S.K.: 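Mind looking over this structure? Questions follow.
Both counts, for ligands and for their atoms, begin at 1 and track the order of listing. Please read all numbers here as calculations on a predicted model, not as lab measurements.
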Amino acid sequence: MYRITDKRDLSPIDYFIEVEAPHVAKAWKPGQFVVFITNERGERVPMSVYKAENGKIGMFIRKLGKTSLQLYHEFSVGDELYSMVGPLGKPIEVKHYGNVVFASDAVCGQAENYATLKAMKEAGNHTISIQSFENAENVYPEKFLAKPVADEHYITTDDGSVGIKGNYLDVVRELIEKDKVDVIFAGGKLGTLSKLAELTRPYGIPTITTVRQIMVDGTGMCGSCRILYDGKVRFACRDGPMFDAHKVDWEDVLKRANRFLEQEKLAKERYLEELRKKGVV
Ligand SMILES: Cc1cc2nc3c(=O)[nH]c(=O)nc-3n(C[C@H](O)[C@H](O)[C@H](O)COP(=O)(O)OP(=O)(O)OC[C@H]3O[C@@H](n4cnc5c(N)ncnc54)[C@H](O)[C@@H]3O)c2cc1C
Ligand code: FES
């Protein structure tokens, strides 16, 4: 049912995977995510969607910890995932805004960048994509960038080896000066998203960003992904994952996002040891 139909490297740290899931692909809208499980003993993994077309879900995944590494090393085209649930979360409002910017600096954001701007372009907006990477080596192949759905496309790298030196905040600052931002969407590193919120706040520019939190059920039942939003408790999975960034308590979000680092590190080390014994890495 959830057969892998394509899988390839995007960079040394990220990969693309495409999975058959017709019921999910048919219902998915930009802003929503999926949760998959690789095998019957696997954990539930929330994932943004890059493309939902022809009964298939395309995703960009970073080789971060046990499950993302396992999917990379042990699953091939033709293999099946145990489960794929979705779409989950709230879709964003796709309508005519004028100049729509999407800024991203990590794997989930790069997927959302393409998916959001595709819909916004189809709705008649002028679309501006900013995609930030650490260095030239980590920049995705052109086919997987948001270039085809962007009227203007900017790449930044930390070291300036490709595109503009710096990160997307530098480009956003310039676009604001030129009065070219009617609304901005963004996804990626939580620390940069919190800075973006402060950058756009004085100008009153609507700023909608993904708020990633550790999710378990993904449907609002367990409370794991709770955030403070406008002084109230909200669940990133059910009420988001995209929120008005000016109303998010970023300090609380950043604190809660890292609460399982020790356990994740241990699981990754154990899995890498298994791979080393098998001679895979
Ligand atoms: C709405 C949403 C969309 C996401 N989209 C993407 C995406 O497009 N590409 C991608 O690579 N990753 C995405 N993630 C994060 C993804 O779920 C984790 O990278 C993945 O679970 C890592 O699992 P692991 O076992 O490889 O690593 P682990 O060692 O378990 O975790 C590594 C890091 O991944 C994150 N993470 C782990 N488990 C969860 C969880 N249950 N919920 C949320 N975050 C978790 C944490 O930041 C953690 O520190 C998304 C998360 C959310 C909530
Ligand atoms: S993941 Fe359980 S409430 Fe959101």
Side-chain angles (χ1 to χ4, degrees), residues 7 9-11 13-19 28 30-39 41-52 57-75 81 84-92 104-116 131 138 140 144 186-191 193 209-227 229 233-243 253-272 274-275:
K7 182 169 164 262
D9 286 334
L10 294 168
S11 72
I13 52 175
D14 296 340
Y15 60 98
F16 164 74
I17 192 160
E18 184 188 70
V19 178
W28 176 87
Q32 294 182 298
F33 64 100
V34 296
V35 170
F36 66 74
I37 303 177
T38 51
N39 60 56
R41 298 190 58 195
E43 61 177 348
R44 297 164 65 83
V45 181
M47 221 21 91
S48 302
V49 173
Y50 158 64
K51 268 186 187 176
I57 295 288
M59 297 167 285
F60 293 167
I61 302 185
R62 177 147 298 185
K63 292 178 249 174
L64 258 187
K66 184 181 173 192
T67 306
S68 51
L69 284 165
Q70 198 172 39
L71 182 58
Y72 182 75
H73 289 291
E74 296 183 30
F75 287 75
L81 298 189
M84 166 85 76
V85 176
L88 298 166
K90 275 193 181 160
I92 50 165
S104 50
D105 66 351
V107 63
C108 41
Q110 310 300 8
E112 293 156 6
N113 198 321
Y114 176 91
T116 304
Q131 298 193 272
N138 290 352
Y140 295 175
F144 290 100
K189 294 175 191 160
L190 295 171
L193 295 175
T209 70
T210 313
V211 180
R212 273 180 302 100
Q213 278 297 309
I214 299 291
M215 293 185 182
V216 181
D217 64 303
T219 57
M221 303 290 282
C222 70
S224 171
C225 69
R226 74 168 172 77
I227 64 162
Y229 180 75
V233 171
R234 289 285 176 269
F235 297 125
C237 66
R238 187 194 65 192
D239 305 312
M242 299 206 82
F243 291 91
V253 163
L254 287 160
K255 208 163 48 189
R256 281 180 57 78
N258 292 325
R259 66 195 197 277
F260 296 118
L261 278 186
E262 275 308 308
Q263 292 92 327
E264 289 158 4
K265 206 171 140 201
L266 206 63
K268 181 179 180 176
E269 275 314 312
R270 281 196 194 126
Y271 182 64
L272 284 175
E274 267 177 48
L275 290 183

S.K.: Looking only at distances, please establish whether an N/O atom of ligand 1 is found under 3.5 Å from an N/O atom of E112.
M.R.: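 No, there is no polar N/O contact under 3.5 Å.
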S.K.: In terms of the angle between their ring planes, are Y15 and Y72 parallel, tilted or perpendicular, with boundaries placed at 30° and 60°?
M.R.: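 Y15 vs Y72 ring planes: tilted.
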S.K.: Under 3.5 Å, N or O to N or O, is G65 touching ligand 1 that way?
M.R.: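 It does: an N or O of G65 is found under 3.5 Å from an N or O of ligand 1.
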S.K.: Please list, in number order, the atoms of ligand 1 under 4.0 Å from a heavy atom of V107.
M.R.: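 This gives 9 (N), 10 (C), 11 (O) as the contact atoms.
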S.K.: Are a donor atom and an acceptor atom from the side chains of S224 and Q213 found within less than 3.5 Å of each other?
M.R.: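 Note: S224 and Q213 side chains miss the donor-acceptor criterion.
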S.K.: Any heavy-atom pair between the side chains of V35 and L88 that's under 4.5 Å?
M.R.: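 Answer yes - side chains close enough.
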S.K.: Taking the side chain from N138 and the backbone from S11, do they hold a donor-acceptor pair closer than 3.5 Å?
M.R.: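 Looks like no, no N/O pair under 3.5 Å.
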S.K.: For atom 22 (C) of ligand 1, is some protein heavy-atom partner under 4.0 Å away?
M.R.: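 No, there is none.
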S.K.: Decide yes or no for L81 and F36: does some side-chain heavy atom of the first lie under 4.5 Å from some side-chain heavy atom of the second?
M.R.: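 Yes, close enough: below the 4.5 Å cut-off.
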S.K.: Check each atom of ligand 1 against the heavy atoms of I214 and keep those under 4.0 Å away; list them by number with element.
M.R.: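 In order of number, 36 (N), 39 (C), 42 (N), 43 (C), 44 (N), 45 (C), 46 (C).
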S.K.: Tell me: protein heavy atom nearest atom 2 (C) of ligand 1, and distance?
M.R.: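 Here the closest protein heavy atom is R212 CG, 3.8 Å.
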S.K.: Side chains of D9 and Y140: any donor to acceptor distance under 3.5 Å?
M.R.: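 The answer is no; no qualifying pair exists.
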S.K.: Determine yes or no for a side-chain-to-main-chain donor-acceptor pair under 3.5 angstrom, with R234 supplying the side chain and F243 the backbone.
M.R.: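 Looks like no, no N/O pair under 3.5 Å.
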S.K.: Under a 4.0 angstrom heavy-atom cut-off, which atoms of ligand 2 come close to G220?
M.R.: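 Once the distances to G220 are compared, the set is 3 (S).
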S.K.: I'd like to check which ligand 1 atoms, numbered from 1 as shown, lie under 4.0 Å from a non-hydrogen atom of S68.
M.R.: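 The list of qualifying atoms is 24 (P), 26 (O).
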S.K.: Is K66 in contact with ligand 1, taking contact as a heavy-atom separation below 4.0 Å?
M.R.: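 Within the 4.0 Å threshold, so yes.
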S.K.: Counting each atom of ligand 2 from 1 as listed, which ones have a heavy atom of C222 under 4.0 Å away?
M.R.: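 That gives atoms 1 (S), 2 (Fe), 3 (S) of ligand 2.
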S.K.: Could you tell me the residue and atom name of the protein heavy atom closest to atom 13 (C) of ligand 1, and the distance to it rounded to 0.1 Å?
M.R.: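 Heavy-atom neighbour on the protein nearest atom 13 (C) of ligand 1: M47 SD, 3.7 Å.
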S.K.: Record the part of S48 in heavy-atom contact with ligand 1 below 4.0 Å; permitted values are side chain, backbone, both and neither.
M.R.: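 Contact part for S48 vs ligand 1: both backbone and side chain.
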S.K.: Looking at CE of M59 and NZ of K7, how far apart are the two atoms once the value is rounded to the nearest 0.5 Å?
M.R.: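 One finds 12.0 Å between CE of M59 and NZ of K7.
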S.K.: For atom 11 (O) of ligand 1, grab the closest protein heavy atom and report residue, atom and distance to one decimal in Å.
M.R.: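 Going atom by atom, the protein heavy atom closest to atom 11 (O) of ligand 1 ends up being R62 N, 2.9 Å.
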S.K.: For Y229 and D239, which I'm curious about, is there any donor-acceptor pair between the side chains at under 3.5 Å?
M.R.: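 On atom types as modelled, these side chains do not qualify, holding no pair under 3.5 Å.
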S.K.: For ligand 2, which atoms sit closer than 4.0 Å to a heavy atom of M221?
M.R.: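 Taking each heavy atom of M221 in turn, ligand 2 has 3 (S) under 4.0 Å.
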S.K.: With heavy-atom distances below 4.0 Å as the criterion, list the atoms of ligand 2 near D217.
M.R.: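 Listed by number with element, the hits are 1 (S), 2 (Fe), 3 (S).
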S.K.: Any donor and acceptor pair, going by atom type alone, linking the side chain of S68 with main-chain N or O of R62 inside 3.5 Å?
M.R.: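 Looks like yes, one N/O pair under 3.5 Å.
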S.K.: What protein heavy atom sits nearest atom 9 (N) of ligand 1, and how far off is it?
M.R.: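 Sorting protein heavy atoms by distance from atom 9 (N) of ligand 1 puts F60 O, 2.8 Å first.
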S.K.: Please confirm whether the backbone N or O of D217 pairs with a side-chain atom of R44, one donor and one acceptor, at under 3.5 Å?
M.R.: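 Side chain of R44 to backbone of D217, a donor-acceptor pair under 3.5 Å: yes, one is there.
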S.K.: Give the residue and atom name of whichever protein heavy atom lies nearest to atom 31 (O) of ligand 1, and the separation in Å to one decimal.
M.R.: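 Here the nearest protein heavy atom works out to E264 CD, 3.6 Å.
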S.K.: Would you mind listing which atoms of ligand 1 come within a distance below 4.0 Å of any non-hydrogen atom of I61?
M.R.: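 Under 4.0 Å from I61, ligand 1 has these atoms: 11 (O).
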S.K.: How many angstroms lie between CG in L71 and CD1 in I17, if you round to the nearest 0.5 Å?
M.R.: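 With rounding to 0.5 Å, CG (L71) is 4.0 Å from CD1 (I17).
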S.K.: Just wondering, are more than 12 heavy atoms of other shown residues or ligands nearer than 6.0 Å to NZ in K66?
M.R.: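 Result for NZ/K66: open.
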S.K.: Please report which non-hydrogen protein atom sits nearest to atom 14 (N) of ligand 1, along with the residue it belongs to and the distance in Å to one decimal place.
M.R.: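 Sorting protein heavy atoms by distance from atom 14 (N) of ligand 1 puts P46 O, 3.5 Å first.
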S.K.: Under 3.5 Å between any N/O of M215 and any N/O of ligand 1: does that happen in this structure?
M.R.: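 Looking only at distances, the answer is yes, because the N/O contact criterion of under 3.5 Å is met.
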S.K.: Is C237 close enough that one of its N/O/S atoms sits under 2.8 Å from atom 4 (Fe) of ligand 2?
M.R.: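 A backbone or side-chain N, O or S atom of C237 is under 2.8 Å from atom 4 (Fe) of ligand 2.
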S.K.: Closer than 4.0 Å to some heavy atom of V216 - which atoms of ligand 2 meet that?
M.R.: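 Near V216, meaning under 4.0 Å from one of its heavy atoms, ligand 2 has 1 (S).
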S.K.: Indicate whether atom 47 (O) of ligand 1 is within a distance of less than 4.0 angstrom of some protein heavy atom.
M.R.: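 No.
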S.K.: Closer than 4.0 Å to some heavy atom of Q213 - which atoms of ligand 1 meet that?
M.R.: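 Near Q213, meaning under 4.0 Å from one of its heavy atoms, ligand 1 has 42 (N), 43 (C), 53 (C).
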S.K.: Rounded to the nearest 0.5 Å, what separates atom CZ in F144 from atom CD in Q131?
M.R.: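 If we round to the nearest 0.5 Å, F144:CZ and Q131:CD are 12.5 Å apart.
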S.K.: Taking heavy atoms and a distance under 4.0 Å, where does E43 meet ligand 1: side chain, backbone, both or neither?
M.R.: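 It is the side chain that gets close, since no backbone atom is under 4.0 Å.
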S.K.: Quick check: do T38 and Q70 have side-chain heavy atoms less than 4.5 Å from each other?
M.R.: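 T38 reaches Q70 side chain to side chain.
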S.K.: Verify the contact flag for atom 18 (C) of ligand 1, where contact means a protein heavy atom under 4.0 Å away.
M.R.: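 Under the 4.0 Å cut-off, atom 18 (C) of ligand 1 has no protein heavy-atom neighbours at all.
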S.K.: Relative to the heavy atoms of V45, which atoms of ligand 1 are at a distance of less than 4.0 Å?
M.R.: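 Contacts of ligand 1 toward V45, numbered from 1: 17 (O), 20 (C), 21 (O).
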S.K.: Go through ligand 2 atom by atom and flag the ones less than 4.0 Å from a non-hydrogen atom of C225.
M.R.: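 Atoms satisfying the 4.0 Å criterion: 1 (S), 3 (S), 4 (Fe).
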S.K.: Got a donor-acceptor contact below 3.5 angstrom from the Q32 side chain to the G89 backbone?
M.R.: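 At least one qualifying donor-acceptor pair exists.
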S.K.: Tell me: protein heavy atom nearest atom 3 (S) of ligand 2, and distance?
M.R.: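 The protein heavy atom lying closest is G223 N, 3.2 Å.
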S.K.: Is there a side-chain contact between R238 and T219 (heavy atoms, below 4.5 Å)?
M.R.: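 Counting from C-beta outward, R238 and T219 never come under 4.5 Å.
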S.K.: Does some non-hydrogen atom of Q70 fall short of 4.0 Å from ligand 1?
M.R.: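 Judged by the 4.0 Å heavy-atom criterion, Q70 does not count as contacting ligand 1.
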S.K.: What's the spacing between L275 CG and E74 CD if we round to 0.5 Å?
M.R.: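 One gets 6.5 Å once the value is rounded to the nearest 0.5 Å.
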S.K.: Any idea which atoms of ligand 1 are less than 4.0 Å away from a heavy-atom of L64?
M.R.: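 Counting from 1, the qualifying ligand atoms are 19 (O), 32 (C), 33 (C), 34 (O).
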S.K.: Nearest protein heavy-atom contact for atom 8 (O) of ligand 1: which residue, which atom, what distance?
M.R.: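 Minimum-distance protein heavy atom for atom 8 (O) of ligand 1 reads C108 CA, 3.2 Å.
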